[in-house]
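Beneath this line is the structure, given in structure tokens, with notes to follow.
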Amino acid sequence: MNFIFISPHFPHTYWQFCQRLSQNGVRVLGIADAPYEQLKPELRESLTEYYRVDSLEDYDEVFRAVAYFAHRYGRIDWIESNNEYWLEQDARLRTDFNVSTGIKSDRIRGIKEKSAMKRYYEEGGIPTARQILASEGYEAVCHFARQTGYPIICKPDIGVGASGTYKIDSDEQLWAFFNTVGEGVGNYVVEEFITGDICSYDAVVDAQGNALFESMTVWPPSIMDIVNLRLDLAYYVDKDMPENLRTWGRRTVKAFGIGSRFVHLEFFRLDRRREGLGEEGDFVALEVNMRPAGGYTPDMINYAHSTDVYKIWADMVAFNESRTTLGEQHYCAFASRRDIYHYVHSHDEVLGRYGDRMVMCERMPELFSAAMGQQMYTVRLDSLEEVKDFTAFVHEKLQ
């Protein structure tokens, strides 16, 4: 089996995908723009061959790299990056090289554009927030806001995280939004504002869309506020998953017709009853991401479930099944700090209190710091109460 992994060096934990593939007997071929000698030794050992391009943004150059591998090793069975940024390019490469083990260009819109996702949710009978295209104009969006009530959320149709997102509280703010984005208004969708935790259904699914592994991560209600207001971030992988989230997660995978992937599906867990959506505690679909959760979340999933999701994913690729076990179940909690704040408890005090349960402790890459802070602590715990105590201890600030 010939597997081309695009950008296997970033995020820096992704070498583990390549290593587990290699251990399963898969020939792993890497394409990236980093010098070979800068790759982690574990990654270099996992790759049969590496092709360096000047820029992964240059499609022609990446195309030539794939063509080289096809000429040298024969038919390409997989092309994958597991990275949101390259999903569209991955799909184009699969289309051009007739690789059938992933999403092709004719279906990429449905998993990249928030407006296109709505159709799949509706066809699957999955509750989701009401939405309107900003391109319908100020008056139409005003009418929409009067139906849903303010606030409303204006966000890019294509994009992840909080970048470019606006929370609108009045007609006046909406008018200001239209004036600010100008001709770019066609790139935005507008949705009703839903309050509650964001819970993700993280899963590895086989070629038929059946879950080989499932996990839930609980995120703060607003990453937008964390970025814009420079708040501290905390989130955790739960040891359990509510059955209603499991049901909606599996139903969403089937509705989108997805197979042979690691998926990260986001849902609101309602904090109150909302007409037409559900009762308190019910789940409402937010958006789909057809790749693993970002940052260190795959590693946190491993610590929570005493398993190896990199191996489960590689088992799916090689065997269309999981040959990896789960062990003891825990909570795995992440809490980070920003250098601009002064905290009650020193770094050494955090280590002293949680050192025996600390599974990761490091400075965050600059690329992630806006959303995730500069210093992170990740621990494995046994109860939700311990998670809350840990977060409070790390984040307590000096007045």
Side-chain angles (χ1 to χ4, degrees), residues 59 79-96 99-137 140-141 143-145 147-148 152-166 168 177 181 183-194 198-203 205 209 223-224 248-268 276-277 283-294:
Y59 183 78
I79 299 175
E80 186 60 77
S81 67
N82 277 342
N83 192 314
E84 181 75 30
Y85 190 80
W86 303 116
L87 286 184
E88 194 165 355
Q89 180 170 275
D90 292 348
R92 185 178 176 187
L93 289 168
R94 292 188 202 104
T95 301
D96 288 346
V99 175
S100 60
T101 50
I103 299 162
K104 293 187 178 181
S105 294
D106 61 342
R107 298 188 57 222
I108 196 67
R109 181 172 173 263
I111 66 168
K112 289 287 288 182
E113 297 179 12
K114 298 176 181 66
S115 56
M117 293 177 192
K118 292 296 181 183
R119 177 171 63 85
Y120 291 97
Y121 286 136
E122 291 170 1
E123 290 176 356
I126 300 158
T128 184
R130 286 171 286 182
Q131 183 191 90
I132 186 174
L133 298 175
S135 59
E136 294 193 27
V141 177
H143 179 69
F144 172 82
Q147 290 180 314
T148 64
I152 55 177
I153 296 293
C154 304
K155 54 188 179 181
D157 199 5
I158 297 177
V160 296
S163 179
T165 300
Y166 297 80
I168 307 296
F177 161 77
V181 300
E183 294 181 357
V185 70
N187 299 324
Y188 280 80
V189 296
V190 181
E191 291 186 348
E192 64 180 310
F193 182 70
I194 297 177
I198 296 175
C199 300
S200 64
Y201 172 85
D202 299 288
V205 299
I223 295 293
M224 178 178 64
W248 288 125
R250 292 179 178 181
R251 196 162 172 175
T252 301
V253 169
K254 296 293 186 180
F256 279 79
I258 296 302
S260 302
R261 294 200 70 77
F262 207 135
V263 300
H264 171 66
L265 313 180
E266 297 178 358
F267 294 82
F268 287 109
L277 291 179
F283 290 94
V284 174
L286 173 57
E287 63 183 67
V288 300
N289 297 282
M290 298 303 176
R291 42 78 182 171

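Quantities reported herein were computed from a predicted structural model and do not represent experimental measurements.
Between atom CD of residue E136 and atom CZ of residue F144 there is a gap of 10.0 Å, rounded to the nearest 0.5 Å. Taking CD1 from I152 and CD from E191, the interatomic distance works out to 10.5 Å, rounded to the nearest 0.5 Å.
Among V284, T148, I153, the single residue meeting the side chain to side chain contact (heavy atoms under 4.5 Å, CB included) criterion with I194 is V284. Only one option out of T252, L286, T128 pairs with F267 in a side chain to side chain contact (heavy atoms under 4.5 Å, CB included); it is T252.
Counting all heavy atoms, side chain and backbone alike, T165 lies closest to K155 at OG1-CB, 3.7 Å. Minimum interatomic distance between R251 and G124 (heavy atoms only, all atoms of both residues): NE-O, 2.9 Å.
With contacts defined as side-chain heavy-atom distances shorter than 4.5 Å, the pair P127/W248 qualifies. Between Y120 and V288 the shortest side-chain heavy-atom distance does not fall below 4.5 Å. You'll find the side chain of I132 stays beyond 4.5 Å of the side chain of Q147, heavy atoms only.
Panel note: side chain R94, backbone I79; a donor-acceptor pair is recorded below 3.5 Å. S105 places no side-chain N or O within donor-acceptor distance of the main-chain N or O of T95, the cut-off being under 3.5 Å. Remark: side-chain polar atoms of D157 are not paired, donor with acceptor, to backbone N or O of V189 under 3.5 angstrom. No donor-acceptor pair under 3.5 Å is formed between the side chain of N82 and the backbone N or O of R291.
Partners of Y188 under the ring pair (Phe, Tyr, Trp, His ring centres under 6.0 Å) rule, at least two apart in sequence or in another chain, are F177. When the side chain to side chain contact (heavy atoms under 4.5 Å, CB included) test is applied to D96, the partners found at least two apart in sequence or on another chain are Y59, F63, R92. Not counting sequence neighbours, N83 has no partner by the side-chain hydrogen bond (donor to acceptor under 3.5 Å, both in side chains) test.
Atom CD of E113 sits in a crowded spot, with more than 12 heavy atoms from other residues, nucleotides or ligands closer than 6.0 Å. The environment of OH in Y85 is sparse: at most 12 heavy-atom neighbours from other residues, nucleotides or ligands sit within 6.0 Å.
You'll find the ring centres of F283 and Y201 outside the 6.0 Å limit.
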